[in-house]
Amino acid sequence: MAQLTIFDSVKKEKVPFEPIKEKEVKVYVCGPTVYDDSHLGHARSAIAFDLLHKVLKADGYNVTMTKNFTDIDDKIIKKMNESNRSLEDITTEYINAYKKDMQSLNILPNTLEPKATQNLQIMIDMIEDLMKKDVAYKISDGVYFDVSKDSQYGTLSHRASDENSIARVESNEEKRNPSDFALWKFEKTNDVAFDSPFGRGRPGWHIECSAMINKHLAYKDEPYQIDIHGGGADLLFPHHENEAAQTRCSTNASLAKYWMHNGFVTINGEKMSKSLGNSFFLKDILKSYSGEVVRFYLLTAQYRANFNFNEEDLISSKKRLDKLYRVKKRVYGLGKSSVNKEFKSDLLDALNDDLNTPKAISIVDEYINKANETLDKEPKNKNFKKELVSTLEFINELLGIGFEDAYKYFQFGISKKEIENIENLISQRNEAKKEKDFETADKIRNEITKLGISIMDTPNGVVWEKL
């Protein structure tokens with residue numbers, strides 16, 4: 001099996017992955033700010049780092065996967081003031097909605113999911129530490145980080161200052177440097193605020209990740225606190241640059257040994273952005289396509305590449321996934337043996353090469369085609385069928401696809417009421433067959449066919465799908 005290599009965003013090249021401690025991997029991924037429903041950008045990032053999680057597990061590592069929830073932020077406060085709802089009410093709703101969406105995408109559960117509001121004291125402690133070292137200072141509207149005190153500021157993103165850096169930090173003429181950013185924002189009108197030794201207010205965005213990693217994940221006796229820090233490409237600067245600076249200055253350790261970033265999602269060529277009005281909410285697309293279809297489609301491009309989302313490509317991608325489920329139907333209900341060794345090795349090698357999903361999926365496509373050929377030529381080859389069942393399970397473990405029941409997959413989009421009607425007709429047909437009333441059984445079958453449903457009698461009972 002090939003060693004895992006990943007593209008490190010700092011070195012800007014693929015490097016061999018070597019964990020800080022043998023067989024242990026600590027990963028932290030920046031999670032959502034919970035003021036609205038998840039969009040395709042959230043899905044892309046979640047799937048990319050879920051794939052990393054699955055590959056690390058397949059490589060034999062014990063993985064601590066952490067994703068935070070930012071549950072105090074300007075956007076949340078704006079929503080509170082507009083809706084007259086409490087902070088907890090809004091954030092609980094969107095955390096639950098996010099988790100439901102992630103479940104539909106077959107994302108592995110995270111080991112830790114810290115919330116900003118539950119970790120305020122550790123943020124205050126880190127800010128106090130930075131103030132004692134004169135790396136942070138207090139002015140009229142908050143406490144700021146002095147970027148000039150960090151000699152390595154800018155080494156992560158290689159752009160310590162650009163036209164966005166000034167625009168994206170708080171403007172106040174009292175600041176020592178234009179690029180200095182807020183660690184703590186003092187209370188304003190209609191604000192959410194908490195007590196602290198330096199004044200009533202709330203934390204800045206960047207401090208939460210540094211403080212939570214230091215508290216919940218960090219190795220205290222190593223030059224790096226965690227193995228991998230991940231997130232969307234838009235977070236590299238200023239968010240991750242600022243996180244890295246805070247941690248260096250407070251702990252004298254580097255935040256992460258490796259930094260990984262997934263590419264943007266565009267819709268018909270435009271970068272996904274709420275301000276452009278083309279943000280594609282996941283809940284809307286999940287009405288028309290299953291989460292697995294969305295997952296498979298987003299895996300067709302390597303995680304680092306920018307992804308242009310359009311429905312035509314989504315439909316084409318679904319047809320590729322359909323082929324996997326059609327072969328799964330051919331071995332429905334059968335036992336399993338062991339995974340095809342050559343296939344397992346090829347798939348792991350592709351994914352250990354910086355999560356090369358286009359190559360991995362082409363390997364799956366080829367295997368499915370060959371499996372169909374073998375089943376056609378040797379329909380009674382039980383050993384092959386059992387190996388196929390095991391291999392399909394391995395594809396699910398590694399890529400997170402093919403996990404649905406082979407028949408239920410093709411039932412997507414049928415309402416509960418329609419399903420109840422179909423199941424009822426199948427029961428009536430079963431009764432008719434039991435009574436040897438084959439004429440009635442055939443009539444019911446025709447009635448089911450008119451509903452656009454195909455049924456099949458198997459040793460495990462009657463199964464059905466949309467025609």
- Message: Taking the cut-offs as 6.0 angstrom to the six-membered ring centre and 45 degrees off its axis, would you call K67 and F49 a cation-pi pair?
- Response: no
- Is any side-chain heavy atom of L348 less than 4.5 Å from a side-chain heavy atom of D59? yes
- Considering only NZ, NE, NH1 and NH2 on the basic side and carboxylate oxygens on the acidic side, decide whether D365 and K323 come within less than 4.0 Å. no
- In plain terms, say whether E393 and K336 are close enough for a salt bridge, that is, a side-chain N and a carboxylate O under 4.0 Å apart. yes
- Query: Any salt bridge between D50 and R295, counting N to O under 4.0 Å?
  - Reply: yes
- Query: Would H39 and F281 count as a close aromatic pair, with their ring centres under 6.0 Å?
  - Reply: no
- Q103 atom CD, neighbour heavy-atom count above 12 within 6.0 Å: no
- Message: For the aromatic rings, using the six-membered ring if either is Trp, is the centroid distance between Y407 and Y332 under 6.0 Å?
- Response: yes
- Item | Test: D322 and K318 ion pair at under 4.0 Å | yes
- Task: Verify whether one side chain among D37 and Y98 offers a donor that lies under 3.5 Å from an acceptor in the other.
- Result: no
- Query: Is the shortest distance from a Lys or Arg side-chain nitrogen in K79 or D89 to a carboxylate oxygen in the other one below 4.0 Å?
  - Reply: no
- Task: State whether D227 and K26 are salt-bridged, where the test is any N-O pair (Lys NZ or Arg NE/NH1/NH2 against Asp/Glu carboxylate O) under 4.0 Å.
- Result: no
- Message: For K450, I'd like to know if atom NZ has over 12 heavy atoms of other residues, nucleotides or ligands within 6.0 Å.
- Response: no
- Query: Would a 4.5 Å heavy-atom cut-off, applied to side chains only, mark M80 and R85 as touching?
  - Reply: no
- Can you list the steps and then say if H261 with W259 is a side chain to side chain contact (heavy atoms under 4.5 Å, CB included)? CA-CA 7 Å; H261 293 86; W259 292 79; 4.1 Å; yes
- Task: Step by step, work out the salt bridge (charged side-chain N to carboxylate O under 4.0 Å, His left out) result for E113 and K99.
- Result: CA-CA 11 Å; E113 290 181 338; K99 287 183 176 180; 3.2 Å; yes
- Query: Is the Y258-Y224 ring centre distance short of 6.0 angstrom?
  - Reply: no
- If a pair satisfies salt bridge (charged side-chain N to carboxylate O under 4.0 Å, His left out) and one of its residues is in residues 457-467, list it, with sequence neighbours excluded. R326-E465, K329-E465, R429-D457, K433-D457, R445-D457
- Quick one: do D74 and K78 make a salt bridge, cutoff under 4.0 Å? no
- Message: Between H206 and F181, is the ring centroid distance below 6.0 Å?
- Response: yes
- Item | D354 and R304 ion-paired at < 4.0 Å | yes
- Going by an N to O cut-off under 4.0 Å, is there a salt bridge joining K359 and D346? no
- Tell me, with the steps shown, if Y94 and F69 meet ring pair (Phe, Tyr, Trp, His ring centres under 6.0 Å). CA-CA 10 Å; Y94 291 115; F69 287 112; over 10 Å; no
- Item | Salt bridge flag under 4.0 Å for residues D353 and K14 | yes
- Message: Under a plain distance cut-off of 3.5 Å, with no hydrogens placed, do S157 and E241 share a side-chain donor-acceptor pair?
- Response: yes
- Q225 and S254: side chain donor to acceptor below 3.5 Å: no
- Task: Please determine if K57 and E397 form a salt bridge, counting it only when a charged side-chain N lies under 4.0 Å from a carboxylate O.
- Result: no
- Task: Taking the side chain as every heavy atom from C-beta outward, state whether Y61 and F17 have any pair of such atoms under 4.5 Å apart.
- Result: yes
- Query: Any idea which heavy atoms bring T391 and S338 closest together, and the distance?
  - Reply: OG1-O, 4.5 Å
- Message: Under 3.5 Å, is there a donor on one side chain and an acceptor on the other for S390 and E387?
- Response: no
- Test: E366 and K370 ion pair at under 4.0 Å: yes
- Item | Donor on one side chain, acceptor on other, D71 and T117, under 3.5 Å | yes
- Item | Side-chain (E292) to main-chain (G402) donor-acceptor, under 3.5 angstrom | yes
- Would you indicate whether the side-chain heavy atoms of L392 and V331 approach each other to under 4.5 Å? yes
- Message: Looking at K12, I'd like to know if its NZ atom is crowded, meaning that more than 12 non-hydrogen atoms belonging to other residues, nucleotides or ligands lie closer than 6.0 Å.
- Response: yes
- Query: Can you say whether the rings of F343 and Y367 are parallel (under 30°), tilted (30 to 60°) or perpendicular (over 60°)?
  - Reply: tilted
- Side-chain donor-acceptor contact under 3.5 Å, D101 with H42: no
- Give the C-alpha distance, both sets of side-chain angles, the deciding distance and a yes or no for ring pair (Phe, Tyr, Trp, His ring centres under 6.0 Å) between F307 and F264. CA-CA 6 Å; F307 193 98; F264 294 113; over 10 Å; no
